[in-house]
There are 2 protein chains.
Amino acid sequence: MSISSRFSVGIHILTLIEINKDGVSSSEYLAGSVNTNPAVIRKIMGMLKKAGLIKVQPGIAGAELAKDLSDITLLDVYKAVNVVKDKELFSIHENPNPDCTVGRNIQNTIEPLFFSAQTALEKVLENVTIEDVVKDVTEKEKLNVKC
Amino acid sequence: MSISSRFSVGIHILTLIEINKDGVSSSEYLAGSVNTNPAVIRKIMGMLKKAGLIKVQPGIAGAELAKDLSDITLLDVYKAVNVVKDKELFSIHENPNPDCTVGRNIQNTIEPLFFSAQTALEKVLENVTIEDVVKDVTEKEKLNVKC
DNA sequence: TAAACTTGTAATCAAATTAATTACATGATG
DNA sequence: CATCATGTAATTAATTTGATTACAAGTTTA
C-alpha cells in the first residue's frame, strides 16, 4: 500500500502555480507539467479549492494561490487531497473475539499508539511549507543549469 | 487508503502468544481470537517467522516468541508484515515533464520530505514494544472486570 | 503404519482503490 | 454565437486486500 500520489501532485500543482504566477495556470497547462490528464488535475484542483488553498472559477482559465506561500503547509495539502481519513492511516482488524482477553482489549490498546505515530508524521508535514518547496525546486534548478 | 490490518493482526498474534504462553497457540487458536481464517494467520505467522520474531515448525502445533518481549518493537512487526515498502509510504507521481522547472525537480525535492515524515512515524513505532502492549492489554482487562 | 492434526503455500474470488479517460453541462468572453 | 475554461459524473484497467479452499508435507499417537 502507498499513500496516493494525489498528494505529490497537489504539491506539484501549488508549486507550479507559484512559479508560473505571471502566466495562466490552466488545468491543461498543469497537466502538461505533471504529465497526466487535465481532468485529473481539475479533480485535485477542486479539492485544493475546497480547502481554501487556491482560487479557481468555472469558465475562467487559471488558478491562483488563495493564501500566502508560507501559509500553506504540506499538511494542508495532505488533508486537502484526502489521501488518508482522519485517524485512519492505520487500519485495525475488526471484530476480534470478545471472549478473549486480547480480543477484548487490543483495539483500545492499539488505537492510541497508531494515532501518535500518525501524528508524528503529520507534524513533519506541518513544518514544511510550499514556500520551502518552491525555494528548493528553484535551488535545484540552478544547480542543474551548471551541469 | 490505509495501512493493511496485517500490522494490527501481527501485533495481536504476538500479544496473544505471550498471554497464552502456557497454552498452545496454533493458527486455529489465534484465528479464533483475531476472528479470521487460519490460513490468513499462517501467512502472517510466516512473515513473523521470517523476521525472526516467532518460532514455528511445520507439523508442530503452536508458535512461540523467538525474542524477549521487550526486544520486539512495533517497528519490527511493521517491517515484518511488509505493509509498506522501504521509503515508499508515500507514492510520488512518475514521469513529470522534464521540460518544466517544476517537473524536472519536484521528485528530488519531495522525496526527502516524505522520507523524513515516514521516519518520524517509524520512530514512534520503534519506541513501543510488545511488552508495552501486553501490559496495556492486561491493565485494561483489570479495569473491565470491575465494571 | 495409519489416522489425525499441524504448518506452509498456492490459487481463486469479491471488494475497494487508484489514475486515466471520455463525455458533457455550465460559465466566461471575444 | 463560437470558443475555451472549469466542474463533475461514468467507465475502465490495474493493483491490493482479506477470505476462502485446497492440498502437500511434517509430526504425533493410537
Side-chain angles (χ1 to χ4, degrees), chain A residues 1-10 12-13 17 23-51 53-64 66 80-85 88-97, chain B residues 1-10 12-13 17 23-32 34-51 53-64 66 81-85 88-97:
Chain A
M1 92 86 219
S2 209
I3 290 172
S4 166
S5 66
R6 274 205 304 282
F7 183 25
S8 65
V9 172
H12 187 140
I13 290 173
I17 289 175
V24 174
S25 296
S26 64
S27 64
E28 192 171 341
Y29 171 79
L30 296 169
S33 175
V34 171
N35 190 18
T36 183
N37 193 289
V40 171
I41 298 293
R42 288 200 292 274
K43 178 119 194 247
I44 298 176
M45 279 185 359
M47 294 172 168
L48 297 174
K49 177 184 182 180
K50 196 173 163 192
L53 304 184
I54 63 175
K55 284 180 287 189
V56 209
Q57 281 178 294
I60 303 182
E64 294 171 34
V81 298
N82 214 19
V83 280
V84 170
K85 284 179 206 146
E88 294 186 20
L89 173 55
F90 297 92
S91 53
I92 301 181
H93 56 294
E94 293 176 345
N95 310 315
N97 190 340
Chain B
M1 90 86 220
S2 209
I3 289 172
S4 165
S5 67
R6 273 203 306 280
F7 183 26
S8 65
V9 171
H12 187 140
I13 289 174
I17 289 175
V24 175
S25 295
S26 65
S27 64
E28 192 170 343
Y29 171 77
L30 296 168
V34 171
N35 191 19
T36 184
N37 194 289
V40 171
I41 297 292
R42 288 200 291 275
K43 177 116 194 244
I44 297 176
M45 278 183 3
M47 293 173 169
L48 297 174
K49 178 184 183 181
K50 196 173 163 193
L53 304 183
I54 63 174
K55 284 181 286 190
V56 208
Q57 281 177 294
I60 304 182
E64 296 172 31
V81 299
N82 212 18
V83 280
V84 170
K85 284 179 208 147
E88 293 187 18
L89 172 55
F90 297 91
S91 54
I92 301 182
H93 56 293
E94 291 175 346
N95 309 316
N97 191 340

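Everything numeric in this text was worked out from a predicted model, so none of it was measured. In what follows, chains are A, B, ... by sequence order, proteins preceding strands, each numbered from 1.
Between the Ser26(A) side chain and the Tyr29(A) main chain, a donor and an acceptor come within less than 3.5 Å of each other. Looking at Ser25(A), its side chain never comes within 3.5 Å of a backbone N or O of Ala63(A) through a donor-acceptor pair. With hydrogens and angles ignored, the 3.5 Å screen pairs no side-chain donor or acceptor of Ser27(A) with any backbone N or O of Ile41(A).
Crowding of Gln57(A) atom CD: a count of heavy atoms from other residues, nucleotides or ligands under 6.0 Å not exceeding 12. Within 6.0 Å of CD on Glu28(B) lie no more than 12 heavy atoms contributed by other residues, nucleotides or ligands.
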For nucleotides 23-30 of chain C, give me one character per nucleotide, 5' to 3': B if any protein heavy atom sits under 4.0 Å from the base, S if the only such contacts are to the sugar-phosphate, - if neither. B---BS--
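Closest to the side chain of Ser4(A), from the set dT17(D), dT18(C), dT20(D), is dT18(C). Closest contact between the side chain of Ser5(B) and the listed nucleotides dG18(D), dT18(C), dA20(C) involves dG18(D).
Residues Val34(B) and His93(A) form a side-chain contact, since some pair of their non-hydrogen atoms from C-beta on lies under 4.5 Å apart. In this structure, the side chains of Leu89(B) and Ile3(B) come closer than 4.5 Å at one or more pairs of heavy atoms.
Rounding to whole angstrom units, CZ of residue Phe90(B) and P of dT18(C) are separated by 14 Å. A straight line from NE2 of His93(B) to C1' of dA20(C) spans 15 Å, rounded to a whole angstrom. Note: CG (Leu48(B)) to P (dT7(C)) measures 14 Å, nearest angstrom. In this structure, the CD1 atom of Ile41(A) is 15 Å from the C1' atom of dA5(D), given to the nearest Å. At whole-Å resolution of the value, CD1 in Ile3(A) and P in dT17(C) are 15 Å apart. Between Met47(A) atom CE and dG7(D) atom P the separation is 13 Å, expressed in whole Å. What separates NZ of Lys50(B) from C1' of dT7(C) is a distance of 17 Å, to the nearest Å. Distance CD1 (Ile44(A)) to P (dA19(C)): 8 Å, rounded to an integer number of Å.
The two residues Ile17(A) and Glu64(A) make their nearest non-hydrogen contact at CG2-CA, 4.0 Å.
For the segment residues 26-38 of chain A, residues with any heavy atom less than 4.0 angstrom from an atom of DNA chain D are, sorted by number, Ser26(A), Ser27(A).
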Please assess Ile13(A) against Ile44(A) for the test side-chain contact (heavy atoms from CB on, under 4.5 Å), listing each intermediate value before the final yes or no. CA-CA 9 Å; Ile13(A) 290 173; Ile44(A) 298 176; 3.9 Å; yes
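Look at Lys49(B) and you'll find a side-chain N or O under 4.0 angstrom from OP1 or OP2 of dG8(C).
Taking the nucleotide of DNA chain C with the nearest heavy atom to each of Ser91(B) and Lys43(B), the more 5' of the two is matched to Lys43(B).
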